[in-house]
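Nothing here was measured: the structure is a model prediction, and the numbers come from that model. Only this structure's heavy atoms are used, side chains among them; waters, hydrogens and symmetry mates stay out. Each chain gets a letter, A, B and so on, in the order the sequences are listed, and its residues count up from 1.
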2 protein chains.
Amino acid sequence: MAKKEKVKHVADMSTEEKIKEAARKVFTQKGYAATRTRDIAEEAGLNLALLNYYFRSKEKLFEIIMLEKMQKFFSVLLPVINNAATTLEGKVEAIASNYIVLLTTNPDLPLFILSEVRHNPEIFIKIAQNKTFLQDSFFVKQIHKKRPDCNPLQFLVSLLAMCVFPFVMKPVLQKMTDINEADFHKMMLARKTLIPVWTKAMLKAK
Amino acid sequence: MAKKEKVKHVADMSTEEKIKEAARKVFTQKGYAATRTRDIAEEAGLNLALLNYYFRSKEKLFEIIMLEKMQKFFSVLLPVINNAATTLEGKVEAIASNYIVLLTTNPDLPLFILSEVRHNPEIFIKIAQNKTFLQDSFFVKQIHKKRPDCNPLQFLVSLLAMCVFPFVMKPVLQKMTDINEADFHKMMLARKTLIPVWTKAMLKAK
DNA sequence: GTCTATAAGGGGATAGAC
DNA sequence: GTCTATCCCCTTATAGAC
């Protein structure tokens, strides 16, 4: 069962937490470069000087927020991928469901991480001990066993694409079609069952 | 047969074209907000004042580049989607092949468009007459005919996801795995045949 | 801890010489 | 058309009062 999210009352938050909450919002919406520390101070209902009092600089504050966001994004993937107790199908269902729940309430999360990492690769913190943990994961082994003729990374990338990309292209999709928020939400809910069905078919293809 | 790209010799380009070429590079790499007009001038090997002489402002220059980039991105999708003469399978093959060729030489293109549109939706120029042209397209009709029980947009989004998302997540993928440029290139080439096979299986699923 | 005022520098745009 | 020098606003960061 998921940890119950505490509702945040602005009045109850410490000044430090008010700043972080404002920074989360502004940084993810506008990106690092377009964000002014004034925007964050205003969003927090506080004075500009307090940002430097608590966090020393815009950059330090950003690093804290980015670290949080990356942990949030990968926390729905990494535990699933290395679970020895679940089937391949079970893992796919869990990943699809987890991501769609997470991104429905945090639609800006992936584009934020992807574009900031693109513009400054150094801010990407090490998510695991080494660079082969994905290739060494249980998930990859299970894919390889099922389809030795197919590169498991191709499958994993496609799975992530189907879960994450709709949220990444949401602003563009809304410019190109007449789907509204409710329609989009319904589509994403339907994906929770669609993705397992489709990926299963992919693994049986040809 | 594709139009042969003329190799650009810097010395042969007009000053205006030098600036645009530099702007293409710097804007797509760093994004609008993080780009300084001085970066563009330096990249072009020219003086800062010339940017304003030719383009009036950073914003005007950006709009020109963005328009070009959006046309480039959608020019591989729109003609295919409304072609009455090709099969569904033929369209999928064309879209996958076109995007992988385009993005192999322009890997930053999608993340550039997606993040700039996210940060300023107004810069998205109208790509077609109305907002239902996607839903009204031949492609969507063909999908609907094959699978009346499935929302064609779900399929289209997944297809685009499988073509485009690998390039969007490339910087992150390179941080998380040990694949190098050559490996990535090979994977994308393999996708040209993998995507048609996989999407065909999806349309037959369950 | 929180505020006001200001320092210090960056960055877009332009004036004016050539 | 192209350059140098400069203007001026905006932004980050800090000093110092309360």
Please check if the distance between the ring centroids of B:Phe62 and B:Phe27 is under 6.0 Å.
yes
### Message
Mind checking if B:Tyr54 touches a base, just sugar-phosphate, or nothing, with heavy atoms under 4.0 Å?
### Response
sugar-phosphate
Rounded to whole Å, the CD1-C1' distance (A:Ile19 to C:dC3) equals 13 Å
From CZ of B:Phe62 across to P of C:dG11 the rounded distance in Å is 18 Å
Between CZ of B:Phe55 and C1' of D:dT2 the distance, given in whole Å, is 15 Å
Ignoring hydrogens and angles, tell me if any N or O in the side chain of A:Glu93 forms a donor-acceptor pair with the backbone of A:Ile195 under 3.5 Å. no
A:Leu61 atom CG is separated from D:dT12 atom P, nearest whole Å, by 11 Å
By ring-ring contact (aromatic ring centres under 6.0 Å, His included), A:Phe184 pairs with (sequence neighbours left out) A:Phe167
What nitrogen or oxygen pairs link the protein and nucleotides 13-18 of chain C at under 3.5 Å?
unit_1 : atom_1 : unit_2  : atom_2 : d
C:dA13 : OP2    : B:Lys58 : N      : 2.8

Problem set entry | B:Tyr54 six-ring centre to B:Lys60 NZ/CZ under 6.0 Å and within 45° of normal | no
So, A:Gln174 side chain and A:Ile179 main chain: donor-acceptor pair closer than 3.5 Å or not?
no
Separation of C:dG1 atom P from A:Glu17 atom CD, nearest Å, is 14 Å
Taking every heavy atom of B:Ile19 against every heavy atom of B:Leu50, the minimum-distance pair comes out as CD1-O, 3.8 Å
Here the distance between atom P of D:dC10 and atom CG of A:Asp39, to the nearest Å, is 13 Å
Rounded to whole Å, NZ of A:Lys18 lies from C1' of C:dT2 at a distance of 11 Å
Separation of D:dC3 atom C1' from B:Leu51 atom CG, nearest Å, is 14 Å
